[in-house]
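Heavy-atom basis, side chains included; hydrogens, waters and symmetry copies ignored.
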Amino acid sequence: MEVFDGILTDRGSKYAVSGGPVGSRAEATAFLKVLCRKKKFAKATHNTWAVLLPDGPLKNDDGESGAGMVILRMLEREGLEGHIVVVTRWYGGVKLGGDRFRRVQDAVRHYFDHRA
């Protein structure tokens, strides 16, 4: 599991991005449980994620409507299968509107550029 915390902020909202290899829905669920053992991530406003698996894609918006699909499309373009990417947001008190999708994209790009 790789975690990049505090990678960007926008109008008070703070973002992190995490990821790692998973091979099934159960492994994706386990990955999220491990991530949320860290109190900071458990208390986040949103932990949106996606993964491309052999039996089909999985995604979850966790209340950030449409964010899971943004992550999924980026994984498809990158051709990265069997690898979950989680974008975490701590809401800063100001609604970002459509900019929230740009921040999700920025976080995923950061992950792609910096993962081992």
Q: As an exercise, state the distance from CD of Q105 to CZ of F112, rounded to the nearest 0.5 Å.
A: 11.0 Å
Q: Closest heavy-atom contact between G68 and A50?
A: O-CB, 3.7 Å
Q: Could you tell me whether a side-chain N or O of S13 sits under 3.5 Å from a main-chain N or O of G92, the two making a donor and an acceptor?
A: yes
Q: Rounded to the nearest 0.5 Å, what separation is found between the CG atom of L8 and the OH atom of Y15?
A: 7.0 Å
Q: If hydrophobic clusters are built by linking Ile, Leu, Val, Met, Phe, Trp and Tyr wherever their side-chain heavy atoms come under 4.5 Å apart, do W90 and F101 end up in the same one?
A: no
Q: Taking I7 as the starting point, is it possible to reach V104 by hopping between hydrophobic residues whose side chains are less than 4.5 Å apart?
A: yes
Q: Closest approach of P57 and L72, non-hydrogen atoms and distance?
A: CB-CD1, 3.5 Å
Q: Is there a chain of hydrophobic side chains (I, L, V, M, F, W, Y, each step under 4.5 Å between heavy atoms) that links L32 to F4?
A: no
Q: Determine whether W49 and D62 satisfy the following criterion, side chain to side chain contact (heavy atoms under 4.5 Å, CB included), listing intermediate values before the conclusion.
A: CA-CA 8 Å; W49 60 273; D62 192 29; 5.9 Å; no
Q: Look up atom CG in D61 and atom NE2 in H46, then write down how far apart they are to the nearest 0.5 Å.
A: 10.0 Å
Q: If you count heavy atoms of other groups shown closer than 6.0 angstrom to CZ of R11, is the number above 12?
A: yes
Q: For F31, which residues count as a ring pair (Phe, Tyr, Trp, His ring centres under 6.0 Å) partner, sequence neighbours excluded?
A: none
Q: Which heavy atom of V17 sits nearest to which heavy atom of A107, and what is that distance?
A: CG1-O, 3.5 Å
Q: Would you sort out whether E64 and V87 count as a side chain to side chain contact (heavy atoms under 4.5 Å, CB included), showing the intermediate values?
A: CA-CA 10 Å; E64 186 81 290; V87 176; over 6 Å; no
Q: Would K40 and D5 pass as an ion pair if we require N to O under 4.0 Å?
A: yes
Q: Among H110, R102, R103, exactly one meets side chain to side chain donor-acceptor pair (under 3.5 Å) together with D106. Which residue is that?
A: R103
Q: Could you walk me through whether K59 and I71 pass side chain to side chain contact (heavy atoms under 4.5 Å, CB included), step by step?
A: CA-CA 8 Å; K59 66 178 176 60; I71 299 167; over 6 Å; no
Q: Are I84 and M69 linked, directly or through other ILVMFWY residues, by side chains that come within less than 4.5 angstrom of each other?
A: no
Q: Determine the minimum heavy-atom distance between T48 and A67, stating which atoms define it.
A: CG2-CB, 3.7 Å
Q: For H83, give me all partners under ring pair (Phe, Tyr, Trp, His ring centres under 6.0 Å), at least two apart in sequence or on another chain.
A: Y111
Q: Which value, rounded to the nearest 0.5 Å, describes the distance between L52 atom CG and E78 atom CD?
A: 11.0 Å
Q: Roughly how far apart are E81 CD and E76 CD, rounded to 0.5 Å?
A: 9.5 Å
Q: Other residues, nucleotides and ligands only: do more than 12 of their heavy atoms fall within 6.0 Å of CZ on R73?
A: no
Q: If you define the side chain from C-beta out and look only at heavy atoms, does anything of E27 sit under 4.5 Å from L53?
A: no
Q: Give a yes-or-no answer on whether the side chains of T88 and N47 include a donor-acceptor pair shorter than 3.5 Å.
A: yes
Q: In terms of hydrophobic clusters joined by side-chain contacts under 4.5 Å, are L75 and M1 together?
A: no
Q: Any heavy-atom pair between the side chains of F41 and V86 that's under 4.5 Å?
A: no
Q: Distance-only, no hydrogens or angles: does the R100 side chain make a donor-acceptor pair with backbone N or O of S65 under 3.5 Å?
A: yes
